[in-house]
Amino acid sequence: MIESATPTVPIVFKGREDLVEQGVNILCQQTLRFLAILGAGGMGKTSLALHIMVSAFVKDKFAGGCYFIPCELFEDAESLVQGLLHVMELSVQENQSKQKILFNHIQTAHCDLLIVFDNFETPWNHGDRIGVQNLLEKIAKHEKVSLIVTMRGPDGPGDISWERLGNQSGIPTLLPVPAKEAFKAFAGNKLQSSDDSESQIDSLLHQLEYVPLAIRLSAQHVKRVQLKALTRMWEKGKTSILTEGPMPGRLTSVSFSIDLSIQIFRIEGRTLELLAVISFLPDGIPFWIENLPQMFQGEELNFNVSTLLESSLIY
Ligand SMILES: Nc1ncnc2c1ncn2[C@@H]1O[C@H](COP(=O)(O)OP(=O)(O)OP(=O)(O)O)[C@@H](O)[C@H]1O
Ligand SMILES: [Mg+2]
């Protein structure tokens, strides 16, 4: 289970050189121990964490071990401990405490350790937040341990002083040039090159707002349909066309990725209606604190804007 949920380091990875360098620098040169990679679904948080984890400096510094925990599999502290034991290849006898074995391993480590808690929004929002927070903070107390957390949301978990990559709302979308390089690399040799197709790619990527997941999924279509047809499909079907394969998952469907946030953050009722309204507005709601009550005059404002902000579905 854990092995199959652990992604390999992506081969096509464009426009993130600065963020990789910053992350490596924080952990290795500045010897700060807590790095948060935050942002919306499909933005490339996990890919960035993996690239930081395999950099030569990081491998060198964390000779004690670099551990990747796919937290989407774990909903509470107990299962997280189980996952850590598995990844660290620690075995537990029947009458032993799992936490004791884990912390004994951490305490007796001779070299620095790095633990990557990937997609931490699942355990963090599932219900046992106190238990999960206690576990995370207990691990963070050990000086030999550095942490990377990737998570949908604007803040790192708990009272740990996280160093964040990117800006206020997390890591940004790609810039147009690397976005185009990524699109072309994903599309491969099926893409015919002409001046016309260059401007069509530019326009499509602009409409996809340079989100890495959307770029990868749209480029898969180019292997079967022409660019012109793809642009028309996007205009008609929007995110529904950004899928791949028969089983939708967070990496194969933009709609699935959005629905996942709606589920994890329990967005429902009026809050969900507000999200739907915002999604139709090309520029969102500028100065929302003043404008939202104006837009919904006479109605009780019982939707929860902070839940939407926490989910990174709006920012
Ligand atoms: N810089 C990049 N260049 C090209 N492709 C990228 C880049 N970053 C991410 N991708 C691709 O975009 C997709 C989504 O990336 P990733 O899983 O890292 O996003 P995420 O932010 O972790 O998503 P989630 O919130 O669902 O966990 C992957 O298929 C990945 O290969
Ligand atoms: Mg991820």
Side-chain angles (χ1 to χ4, degrees), residues 2 4-23 35-55 68-74 116-125 148-157 164-167 169-188 201 204-205 208-222 239 242-245 248-265 310-315:
I2 295 185
S4 59
T6 302
T8 50
V9 184
I11 297 169
V12 178
F13 188 67
K14 306 285 182 186
R16 295 301 201 199
E17 295 79 4
D18 288 356
L19 290 181
V20 172
E21 198 183 318
Q22 278 171 33
L35 182 66
I37 303 177
L38 306 164
M43 207 60 105
K45 304 177 292 295
T46 299
S47 307
L48 181 55
L50 286 165
H51 273 272
I52 292 172
M53 193 174 140
V54 299
S55 95
F68 184 95
I69 316 291
C71 297
E72 71 220 63
L73 301 180
F74 308 116
V116 180
F117 286 109
D118 185 47
N119 286 113
F120 202 69
E121 64 279 334
T122 298
W124 190 242
N125 290 289
I148 297 180
V149 75
T150 86
M151 190 164 156
R152 294 183 182 196
D155 300 305
R164 305 147 51 105
L165 288 183
N167 53 37
S169 44
I171 60 168
T173 53
L174 299 184
L175 289 170
V177 171
K180 196 167 176 180
E181 286 168 8
F183 183 87
K184 287 183 171 178
F186 286 129
I201 298 173
L204 181 68
L205 293 175
L208 297 175
E209 295 181 13
Y210 310 106
V211 174
L213 176 62
I215 295 170
R216 195 180 69 75
L217 294 175
S218 65
Q220 296 306 319
H221 286 293
V222 182
T239 54
L242 298 177
T243 57
E244 170 189 65
R250 72 158 77 220
L251 292 183
T252 54
S253 159
V254 166
S255 300
F256 185 96
S257 175
I258 294 168
D259 286 346
L260 199 64
S261 282
I262 291 174
Q263 270 172 41
I264 292 175
F265 293 89
E310 234 177 81
S311 70
S312 287
L313 283 166
I314 66 168
Y315 48 88

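Atoms within each ligand, like the ligands themselves, are counted from 1 in listed order.
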*Quick one: does Leu35's side chain get under 4.5 Å of Ile52's, heavy atoms only?*
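A side-chain contact under 4.5 Å exists here.
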*How about Ser218 and Phe183: do any of their side-chain heavy atoms sit closer than 4.5 Å?*
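Side chain of Ser218 against side chain of Phe183, heavy atoms only: contact under 4.5 Å found.
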_Just checking: Thr46, one of its N/O/S atoms, less than 2.8 Å away from the Mg ion (ligand 2), yes or no?_
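It does: Thr46 brings an N, O or S atom closer than 2.8 Å to the Mg ion (ligand 2).
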*Indicate yes or no: does an N/O atom of Arg216 lie under 3.5 Å from an N/O atom of ligand 1?*
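Yes; at least one N/O pair falls below 3.5 Å.
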*Under 3.5 Å between some N or O of ligand 1 and some N or O of Pro10?*
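Not met; the criterion fails.
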Whether the side chain of [X] engages the backbone of [Y] through a donor-acceptor N/O pair (distance < 3.5 Å, no angle test) should be reported.
X      : Y      : answer
Thr252 : Pro248 : no
Arg250 : Gly41  : no
Glu121 : Arg152 : yes

For [X], take its heavy atoms, then give the atoms of ligand 1 lying under 4.0 Å from any of them.
X      : result
Ala182 : 4 (C)
Phe186 : 4 (C), 5 (N)
Leu251 : 14 (C), 17 (O)
Arg152 : 24 (P), 25 (O), 26 (O)
Arg16  : 1 (N)

*Test item, Leu174 contacting ligand 1 (heavy atom, 4.0 angstrom)*: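 True for this residue.
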*So, does Gly15 sit close enough to ligand 1 that a heavy atom of it is under 4.0 Å from the ligand?*
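Per 4.0 Å heavy-atom rule, Gly15 does not contact ligand 1.
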*What do we get for Arg250 next to ligand 1 when only non-hydrogen atoms under 4.0 Å count, side chain, backbone, both or neither?*
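Side chain only.
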*Relative to ligand 1, is Asn119 under 4.0 angstrom through side chain, backbone, both or neither, heavy atoms considered?*
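Asn119 to ligand 1: side-chain contact only, backbone stays beyond 4.0 Å.
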*asked:* Please compare Ser47, Gly41, Cys71 and report which has the shortest non-hydrogen distance to atom 15 (O) of ligand 1.
replied: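 Of the listed residues, Ser47 has the closest heavy atom.
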*Indicate yes or no: does Lys45 engage Asp118 in a salt bridge with an N to O separation below 4.0 Å.*
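Salt bridge between Lys45 and Asp118, a charged N being under 4.0 Å from a carboxylate O: no.
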To the nearest 0.5 Å, tell me how far [X] [atom1] sits from [Y] [atom2].
X      : Y      : atom1 : atom2 : value
Asp155 : Ser312 : CG    : OG    : 9.0 Å
Glu244 : Leu213 : CD    : CG    : 9.0 Å
Ser47  : Lys14  : OG    : NZ    : 13.5 Å

*Identify the closest protein heavy atom to atom 21 (O) of ligand 1: which residue and atom is it, and at what distance?*
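Nearest protein contact, heavy atoms only, for atom 21 (O) of ligand 1 is Lys45 NZ, 2.7 Å.
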*Would you mind checking which non-hydrogen protein atom is closest to atom 11 (C) of ligand 1, with the distance to 0.1 Å?*
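Going atom by atom, the protein heavy atom closest to atom 11 (C) of ligand 1 ends up being Pro212 CB, 4.1 Å.
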